[in-house]
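Heads up: the structure comes next, in structure tokens.
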Amino acid sequence: MTGEIPIGGTCDPHFAPVREAFIGNFRERGEPGGAVALMVDGRLVADLWGGWRDAARQTPWARETLVNFFSVGKAFTSLVALRLVERGLLDLDAPAARLWPEFAEHGKERVTLRHILSHQAGLPAIREELSDSAIFDAPRMAAALARQKPWWEPGTAHGYHVNTFGFLAGELVRRASGKTLGTILHDEVAGPLGADVHIGLPLTEHARCAEFLWPPVLPERPPGDLPDDALMKWSTYWNPPGISGAGWVNRPEWRMAEIPSTNGHGTARGIARVYAALANGGAIEGVEILSGGMLAEATTEHSFGPDSILERESRFALGFQLPQAERRLGPNDEAFGHFGAGGSLGYCDPVARVAFGYVTNDMGPRWQNPRNRALIEAIYASLA
């Protein structure tokens with residue numbers, strides 16, 4: 001306990017600045033509940049949790065508390081797809097329509113997995129109005145994406161595929177392997193690593209979940225005469241209405257579903273464990289989750305510049321976000337990872353041999369979050 005804030009876990013004294021920054025998140029930066037984990041050279045040097053897992057602030061965060069980490073899961077989604085590329089079941093540059101013939105409509109016959117993983121497919125949103133329940137029906141979402149005309153010519157621009165990314169990659173994974181993306185993540189990555197991360201959370205694990213403090217308001221459907229660009233941006237986040245999690249994020253239907261872009265759950269320690277393997281060239285303690293060659297391809301810049309959805313510059317590799325001037329991941333350009341709504345983050349820095357996971361149950365600032373920034377700064381202050 002630290003004052004009235006319940007804080008648990010361990011921290012190597014050499015990394016005391018990380019613990020101080022974590023406590024500062026509660027005292028100075030409004031953190032309600034969360035956890036942070038740091039691994040250096042494959043060793044867990046900080047594993048901390050604190051605050052409250054419920055809005056009423058009655059139940060303290062615990063070592064095994066799970067929480068929705070949103071887009072942090074996009075990196076894990078890509079990891080699964082890239083494993084299938086390594087096995088020859090998927091091809092980064094083959095038309096997606098070879099496996100998914102219906103997808104070839106409206107000029108999408110040349111769209112590839114590489115386009116999808118680098119947010120260049122032109123499919124960040126679905127135009128046709130879908131009911132809220134569609135988010136729990138992966139075949140229905142895939143069929144709607146197959147019918148969708150790209151919002152721009154694939155490969156000519158990029159825009160963050162906030163919620164469609166996982167349905168697109170997930171459908172290709174399913175068609176190539178006969179298994180769902182979440183199943184492969186569990187069986188081939190999380191399970192062998194002992195990493196507590198999930199896409200599709202079994203009901204038996206829901207008692208461990210923190211309540212996510214999602215703002216209560218849902219926007220109204222925009223008028224039918226909205227310009228295409230504005231409709232694309234609105235639909236990215238709100239069609240179907242709950243696709244970003246609004247109204248659903250704390251319900252069992254949401255937690256059990258596989259919505260790979262958006263509804264991954266885990267602990268900070270679990271996230272850091274996956275990135276510890278990636279920081280070490282794709283393997284740790286005899287468990288390889290990606291070959292060194294494929295990892296190099298996966299972390300090479302594919303998209304950089306004005307983002308058609310975010311309306312600012314963004315920078316992507318294949319499913320991983322890369323550092324840019326206003327959103328650094330420490331001092332080294334070789335770092336890579338993925339942020340999630342509310343400020344959650346998983347990343348690694350192969351130069352510093354750092355692997356990091358941070359989770360929160362608060363919808364804090366999205367693009368530049370002072371909580372994860374304070375933690376990152378504390379890591380490198382400890383390493384100096």
Side-chain angles (χ1 to χ4, degrees), residues 6 8-9 31-37 47-74 76-77 80 132-138 141 163 166-167 170 179-191 193-216 218 240-274 340-346 357-363:
E31 180 81 273
V36 62
D47 184 16
L48 299 164
W49 54 89
W52 310 96
R53 50 176 280 189
D54 60 331
R57 301 197 174 201
Q58 297 296 308
T59 307
W61 205 280
R63 182 180 188 274
E64 304 302 331
T65 297
L66 300 170
V67 70
N68 200 142
F69 49 55
F70 296 94
S71 290
V72 171
K74 286 186 173 70
F76 302 155
T77 295
V80 169
D132 214 7
S133 62
I135 58 177
F136 305 119
D137 187 343
M141 292 297 294
N163 292 305
F167 288 113
K179 299 179 181 179
T180 68
L181 192 147
T183 298
I184 297 175
L185 178 68
H186 176 273
D187 292 349
E188 299 185 14
V189 178
L193 286 175
D196 200 356
V197 295
H198 312 263
I199 293 175
L201 187 68
L203 186 61
T204 53
E205 304 294 333
H206 290 199
R208 296 198 281 142
C209 285
E211 179 182 0
F212 197 90
L213 309 182
W214 186 283
L218 272 172
I243 196 169
S244 294
W248 290 103
V249 71
N250 295 311
R251 294 169 64 170
E253 300 97 321
W254 174 268
R255 291 170 176 161
M256 288 188 294
E258 289 193 21
I259 307 173
S261 299
T262 315
N263 83 330
H265 287 72
T267 63
R269 186 174 55 258
I271 294 168
R273 178 70 174 164
V274 176
S344 56
L345 172 63
Y358 164 64
V359 295
T360 176
N361 64 343
D362 181 50
M363 188 59 77

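Everything numeric in this text was worked out from a predicted model, so none of it was measured. Every heavy atom of this structure was used, including side-chain atoms; hydrogens, water molecules and symmetry mates were not. The chain is numbered in sequence order, starting from 1.
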If the condition is salt bridge (Lys or Arg N to Asp or Glu O under 4.0 Å), which residues does Glu188 pass it with, not counting sequence neighbours? Arg83, Arg87
Shortest non-hydrogen pair, Asp132 vs Pro240, comes out as CA-CB, 4.1 Å
With a 4.5 Å cut-off on side-chain heavy atoms, are Trp254 and Ile259 touching? yes
Are Val274 and Phe76 packed together at the side-chain level, in the sense that at least one heavy-atom pair is separated by less than 4.5 angstrom? yes
Set of residues satisfying side-chain contact (heavy atoms from CB on, under 4.5 Å) with respect to Ala37, sequence neighbours excluded: Leu44, Asp47, Ala268, Arg269, Ala272
Only counting residues at least two apart or in another chain, list the ones meeting ring-ring contact (aromatic ring centres under 6.0 Å, His included) with Phe212. Phe70
For Thr183, side chain to side chain donor-acceptor pair (under 3.5 Å) partners two or more places apart: Thr180
Any heavy-atom pair between the side chains of Met141 and Ile243 that's under 4.5 Å? yes
Side chain to side chain donor-acceptor pair (under 3.5 Å) filter on Glu205, not counting sequence neighbours, yields Arg208
Do Val197 and Ile271 touch side chain to side chain, with heavy atoms closer than 4.5 Å? yes
I'd like to check the ring-ring contact (aromatic ring centres under 6.0 Å, His included) partners of Trp248; sequence neighbours left out, ordered by chain and number. Phe136
Who passes salt bridge (Lys or Arg N to Asp or Glu O under 4.0 Å) against Arg251, sequence neighbours left out? Glu253
Could you tell me the separation between the CG atom of Leu201 and the CD atom of Glu258, rounded to the nearest 0.5 Å? 11.0 Å
With respect to Arg255, which candidate in Val249, Leu66, Asn250 satisfies the side chain to side chain contact (heavy atoms under 4.5 Å, CB included) definition? Asn250
Any side chain to side chain donor-acceptor pair (under 3.5 Å) involving residues 52-62? Give me the pairs, sequence neighbours left out, ordered by first then second residue. none
Contacts of Thr262 that satisfy side chain to side chain donor-acceptor pair (under 3.5 Å) - sequence neighbours left out: Asn163
For a 4.5 angstrom cut-off between non-hydrogen side-chain atoms, does Ile199 reach His186? no
With Thr267, which residues qualify under side chain to side chain donor-acceptor pair (under 3.5 Å), at least two apart? none
Holding to side-chain contact (heavy atoms from CB on, under 4.5 Å), I want the full list of residues that pass it with Ser344, two or more places apart in sequence or in another chain. Phe69, Val72
Interatomic spacing from CG in Leu345 to OG1 in Thr360 - rounded to 0.5 Å: 12.0 Å
Under the side-chain contact (heavy atoms from CB on, under 4.5 Å) test, which residues partner Ala62, sequence neighbours left out? Thr65
